[in-house]
Amino acid sequence: DRGRFEITGQSVSLSSPSTFNDAQELAELVWLGFWERDEFGWSLRIPDARFSLPKADLIQDFRLSGGDGLAPTVEWSVGSDSRGMQALDALALLPLQLGESLAEYLHEAVKEGVLDELSMVWRGSLADFPYRAGEGVFQARASVSQLDFEFQPDWMPLEADHAVLQYNNETLHISADKATLGGIEATSVRVELPDLLSPKRWLHINATVSGEASAAHEVFIHSPLADSVGAALEQVVPSGGLAGAFRLSVPFFPEADFQA
């Protein structure tokens, strides 16, 4: 048994409670797909699924397959062309299967930003997702302009004219050629949050920094190092310029200590 189908529409409200919290409001939708079923299983293919959001167009290649006694397997790739879509609006496209902790963290951390480009690859068994030991692949990449990212509510935000956010099987990477943290200029910024779905996760920041010592003082007293480095800087009253390599590892759980 096999067949084909075509779904098109204008001003479409697409609801998928198992994947998205809210219905996706689409300016246009064009799906051409195929289905097949035999004694070995079944498959659903949509090789060229297009839909238009108010400020972005998404092109998808989707395949879902399964069979008796087999967990469904997904192969899904997405590419986008943004027309000034806000990064916060793009977060609504994250599938619920990623878990509430990731979605909640990103909604709190991303304060501002304009999406330039978005891509995603998802391949593997739905039963094994999220993938922790090579069972499958989930990668999402976003290129963002005017990013304002706050790692924790009481921190100064990282601000970058252009940055790339990449999520790969539980690890979030942020990279920027140039950024500022408070009054400190940073280059070659690399941020990593491994095991993002774990309650015992770490944040690692690496960068080359330069600026006024007084600005560094403000950064440290508005960070988890306020009681150590920040308190020391209160005593010495720093002045003048500074430059050097910066590395900070911060635990998001109380049992571990900061490393700087």
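When reading the values below, keep in mind they use all heavy atoms of this one structure, side chains included, and skip hydrogens, waters and symmetry mates.
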Between Asp195 and Thr171, the two heavy atoms sitting closest are N-OG1, 4.0 Å
CD of Gln139 to NE2 of His173, rounded to nearest 0.5 Å, is 9.5 Å
Quiz item: With hydrophobic residues grouped by side-chain heavy-atom distances under 4.5 Å, do Tyr167 and Leu126 end up in a single group?
Solution: yes
| So Ser52 and Asp57, side chain to side chain donor-acceptor pair (under 3.5 Å) or not? Walk me through it. | CA-CA 4 Å; Ser52 298; Asp57 298 320; 2.8 Å; yes
Distance col, row Trp31:CH2 vs Phe5:CZ, nearest 0.5 angstrom, shows 8.0 Å
| query | In terms of hydrophobic clusters joined by side-chain contacts under 4.5 Å, are Leu118 and Leu26 together? | reply | yes
Practice item. Determine whether more than 12 heavy atoms belonging to other residues, nucleotides or ligands lie under 6.0 Å from atom CG of Asp38. Key: yes
Glu75 and Arg123 have their tightest heavy-atom pair at CG-CG, 4.0 Å
Query - Worked verdict on Leu58 versus Ser80 for side-chain contact (heavy atoms from CB on, under 4.5 Å) - result: CA-CA 4 Å; Leu58 275 73; Ser80 76; 4.1 Å; yes
In this structure, CG of Leu115 is separated from OG of Ser145 (nearest 0.5 Å) by 9.0 Å
Check: Do other residues, nucleotides or ligands put more than 12 heavy atoms under 6.0 Å from Lys200 NZ?
Finding: no
Between the CG atom in Leu29 and the OG1 atom in Thr8, the distance rounded to the nearest 0.5 Å is 8.0 Å
### Query
Any sub-3.5 Å donor-acceptor pair from Tyr131's side-chain atoms to Ser125's backbone N or O?
yes
Checklist entry - Do Val164 and Leu193 belong together in a cluster built from hydrophobic side chains that touch within less than 4.5 Å? => result no
Counting only heavy atoms not in Asp89, do more than 12 sit closer than 6.0 Å to its CG atom?
-> yes
Checklist entry - Are side-chain heavy atoms of Gln86 and Val114 found at a separation under 4.5 Å? => result yes
When every non-hydrogen atom of His162 is compared with those of Ala176, the smallest separation belongs to O-CB, 3.6 Å
Practice prompt. Any chance you could lay out the side-chain contact (heavy atoms from CB on, under 4.5 Å) test for Ile205 and Arg247, step after step, and finish with the verdict?
Written response: CA-CA 5 Å; Ile205 306 173; Arg247 175 178 173 82; over 6 Å; no
### Query
Salt bridge check: are Asp81 and Arg83 linked by an N-O gap of less than 4.0 Å?
no
Quiz prompt | Trp35-Trp42 co-clustered via ILVMFWY side chain contacts under 4.5 Å | solution = yes
Exercise for review: Run the numbers on Thr187 and Thr208 for side-chain contact (heavy atoms from CB on, under 4.5 Å), then give the verdict.
Suggested key: CA-CA 5 Å; Thr187 59; Thr208 300; 3.5 Å; yes
Taking every heavy atom of Glu25 against every heavy atom of Leu53, the minimum-distance pair comes out as O-CD2, 3.8 Å
side-chain contact (heavy atoms from CB on, under 4.5 Å) for Phe138 and Met120? Distances and angles first, verdict last.
CA-CA 8 Å; Phe138 183 89; Met120 184 196 77; 3.6 Å; yes
Scanning both residues in full, the closest heavy-atom pair of Pro47 with Asp61 reads CA-OD1, 3.6 Å
Would you call the rings of Trp122 and Trp76 parallel, tilted or perpendicular, taking 30° and 60° as the class edges? parallel
When every non-hydrogen atom of Ala160 is compared with those of Lys178, the smallest separation belongs to CB-O, 3.6 Å
query = Does some side-chain heavy atom of Val74 sit less than 4.5 Å from a side-chain heavy atom of Phe62?
reply = yes
Value for CG (Asp68) from CZ (Phe40), rounded to nearest 0.5 Å, stands at 12.0 Å
| message | I'd like to know whether Ser43 forms a side chain to side chain donor-acceptor pair (under 3.5 Å) with Arg45, so could you lay out the CA-CA distance, the side-chain angles of the two residues, the decisive distance to 0.1 Å, and finally the verdict. | response | CA-CA 7 Å; Ser43 67; Arg45 295 182 296 121; 5.0 Å; no
ask   = Any chance CG of Asp177 has more than 12 other-residue heavy atoms, nucleotides or ligands included, within less than 6.0 Å?
value = no
What about Leu158 and Leu88, same hydrophobic cluster or not, with Ile/Leu/Val/Met/Phe/Trp/Tyr joined at side-chain heavy-atom distances under 4.5 Å?
yes
CZ (Arg2) and CD (Glu36) are apart, to the nearest 0.5 Å, by 4.5 Å
Please state whether the rings of Trp202 and His204 are parallel, tilted or perpendicular, taking 30° and 60° as the class boundaries. parallel
